[in-house]
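Reviewing the structure listed below.
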Number of protein chains: 2
Amino acid sequence: MSAESKPDHAPLELERFLPYRLSILSNTVSQAIADDYQQRYDLTVTEWRVMAVLARFDGLSAREVAERTAMDKVAVSRALARLVEAGRVHRGTHDGDKRRSVLSLSENGWQVHDEVAPMARAREREVLAKLDDEEQAWLTRILDKLQPL
Amino acid sequence: MSAESKPDHAPLELERFLPYRLSILSNTVSQAIADDYQQRYDLTVTEWRVMAVLARFDGLSAREVAERTAMDKVAVSRALARLVEAGRVHRGTHDGDKRRSVLSLSENGWQVHDEVAPMARAREREVLAKLDDEEQAWLTRILDKLQPL
DNA sequence: GTGTTATAGTTACATATGAAACCATTTGCA
DNA sequence: TGCAAATGGTTTCATATGTAACTATAACAC
């Protein structure tokens, strides 16, 4: 029990502070999804994001994966090391440029993808179910406007 | 350059996936603010959050700080160790319970708070400036509904 | 062609973080 | 009382993450 104090210092009200609220919400949502596959597939969030991108865009290089996931190249490099090791991603070398890798999901990678993707979508639906249609539409619009921050 | 592929596998479109978008937005916003004070005051985000809570609620225990910041007790313990060491927070012992600490901002802590808080608020305003009044109202409403997830 | 600069990706190091074990104190209850 | 269980807080250990340095290859200038 402690009294609220020092209004003269104009303290920040964390629970109304947008960055703080976003952070809590984002972590809660991401964690809920991660809990679904993390242990079951021994897959981190970053690894899953790499897989999701490769599922849509076959043959990307590591740098392109980094761009599309908004992760830095070191994180991508490490995620790929594990994914290749685990036999979920195949890594070849670009024909005309030996520096670049050519990445794609393996048979196994596709299997994992096809199990995890529906789980992720289901969780997203659960979250969105708390909002009515109008609110969902505004949320999309708001995220679009804030996105290229 | 790679073609979009395998529609039969229904791959996840990351850039339209709510959890992903929230994560990007949250990190971008938090990082922008942290950049303002991180180096200048040698203050991490978690440390700043602890200070913000103590600015509003004087005399909290570490556990209470953890509750109010949605951080786990280990993170709070570490943040407090640094803050006390740096002379920004005073740590006493609870009268009736020697386990509990009694925390408050020091003179120095208040100074830092009074410089950082306006910067944080200014950044928040910058972000919100991208939205019109109606959108801002919806955002608040949406966050309220999603909050107790 | 040769030297410089840029790019793809990995490695090394230092720091951050989370889970579980741990210590001290307090509470509940026989 | 006195002892088991709960609580506040710290420490330990294992893992994650970011920055900078590094290797290899390619592009560019001349």
Side-chain angles (χ1 to χ4, degrees), chain A residues 1-2 23-24 26-28 30-32 34-35 38-39 42-50 53-54 57 59-86 89-104, chain B residues 1-2 23-24 26-28 30-32 34-35 38-39 42-50 53-54 57 59-86 89-104:
Chain A
M1 294 325 69
S2 85
S23 161
I24 300 287
S26 168
N27 289 341
T28 309
S30 286
Q31 202 45 56
D35 286 348
Q38 199 105 34
Q39 342 76 310
D42 187 30
L43 203 58
T44 68
V45 175
T46 61
E47 284 162 25
W48 165 245
R49 285 187 183 165
V50 169
V53 164
L54 290 179
F57 305 100
L60 291 186
S61 69
R63 189 185 57 72
E64 289 167 325
V65 169
E67 275 171 14
R68 292 206 176 265
T69 51
M71 295 163 41
D72 75 81
K73 63 179 184 168
V74 177
V76 170
S77 172
R78 287 196 266 239
L80 282 170
R82 287 205 17 142
L83 289 169
V84 170
E85 168 66 26
V89 166
H90 177 258
R91 169 155 52 187
T93 302
H94 187 92
D95 277 0
D97 185 343
K98 287 180 215 155
R99 292 171 307 177
R100 313 182 68 169
S101 49
V102 176
L103 303 160
S104 54
Chain B
M1 297 327 67
S2 84
S23 161
I24 301 286
S26 167
N27 290 340
T28 309
S30 287
Q31 201 45 56
D35 285 348
Q38 198 105 35
Q39 341 76 313
D42 186 30
L43 203 60
T44 68
V45 175
T46 60
E47 284 161 26
W48 165 246
R49 285 187 183 165
V50 169
V53 165
L54 290 179
F57 305 100
L60 291 186
S61 70
R63 189 186 57 72
E64 291 167 325
V65 169
E67 275 171 14
R68 294 207 175 264
T69 52
M71 295 162 42
D72 74 81
K73 63 179 185 169
V74 178
V76 170
S77 171
R78 287 197 266 241
L80 282 170
R82 284 207 16 140
L83 289 169
V84 170
E85 167 67 27
V89 167
H90 177 257
R91 170 156 51 188
T93 302
H94 187 93
D95 277 0
D97 186 344
K98 287 181 215 152
R99 293 170 307 178
R100 313 182 66 164
S101 49
V102 176
L103 303 160
S104 54

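Numbered from 1 within each chain, the chains take letters A, B, ... in sequence-line order. For the numbers below, each heavy atom of this structure counts, side chains included, while hydrogens, waters and symmetry mates do not. Computed from a prediction, not measured in an experiment: that's the story for all the values here.
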Item checked: Candidate nucleotides C:dG18, C:dG9, D:dG9, ranked by approach to the side chain of B:Ser61 - the nearest -> D:dG9

Note to self: What's the closest nucleotide to the side chain of A:Asp97 if the choices are C:dA12, D:dA26, C:dA24?
What the structure shows: D:dA26

Next item on the list: Start with the C-alpha gap between B:Phe57 and B:Arg68, add the side-chain angles, then the distance that decides, and say whether side chain to side chain contact (heavy atoms under 4.5 Å, CB included) holds.
Entry: CA-CA 10 Å; B:Phe57 305 100; B:Arg68 294 207 175 264; 3.6 Å; yes

Next item on the list: Check step by step if side chain to side chain contact (heavy atoms under 4.5 Å, CB included) holds for B:Asp42 and B:Arg82.
Entry: CA-CA 10 Å; B:Asp42 186 30; B:Arg82 284 207 16 140; 3.3 Å; yes

Side-chain N or O of [X] versus OP1/OP2 of [N]: is the shortest distance under 4.0 Å?
X	N	answer
A:Arg78	C:dA12	no
A:Ser101	C:dA8	no
A:Ser77	C:dT10	yes
B:Thr46	C:dA16	no

Could you state the atom-to-atom distance from [atom1] of [X] to [atom2] of [N] in whole Å?
X	N	atom1	atom2	result
B:Leu80	C:dT17	CG	P	14 Å
B:Arg100	D:dA6	CZ	P	18 Å
B:Gln31	D:dT19	CD	C1'	13 Å
B:Leu83	D:dT10	CG	P	12 Å
B:Arg91	D:dG9	CZ	P	9 Å
A:His94	C:dG9	NE2	P	11 Å
B:Gln38	D:dT19	CD	C1'	14 Å
A:Lys73	D:dT17	NZ	P	18 Å

Next item on the list: Take A:Asp72 and A:Gly96, find for each the nucleotide of DNA chain D with the closest heavy atom, and name the residue whose nucleotide sits nearer the 5' end.
Entry: A:Asp72

Note to self: On DNA chain D, compare the nucleotides closest to A:Arg99 and A:Val74; which residue's is nearer the 5' end?
What the structure shows: A:Val74

Next item on the list: Verify the neighbour count for atom CD of A:Gln39: are there more than 12 heavy atoms of other residues, nucleotides or ligands below 6.0 Å?
Entry: yes

Check: If you look at every strand shown and take non-hydrogen atoms under 4.0 Å, does B:Lys98 touch a base, only sugar-phosphate, or nothing?
Finding: sugar-phosphate

Next item on the list: Would you indicate what B:Arg82 reaches in the nucleic acid, counting non-hydrogen atoms under 4.0 angstrom: base, sugar-phosphate, or nothing?
Entry: nothing

Margin query: Looking at B:Arg63, is its backbone amide N or carbonyl O close enough to the side chain of B:Glu67 to form a donor-acceptor pair, meaning the two atoms are under 3.5 Å apart?
Written below: no

Note to self: Quick one, A:Val50 with A:Met71, criterion side chain to side chain contact (heavy atoms under 4.5 Å, CB included). Give me CA distance, side-chain angles, the key distance, then yes/no.
What the structure shows: CA-CA 9 Å; A:Val50 169; A:Met71 295 163 41; 4.2 Å; yes

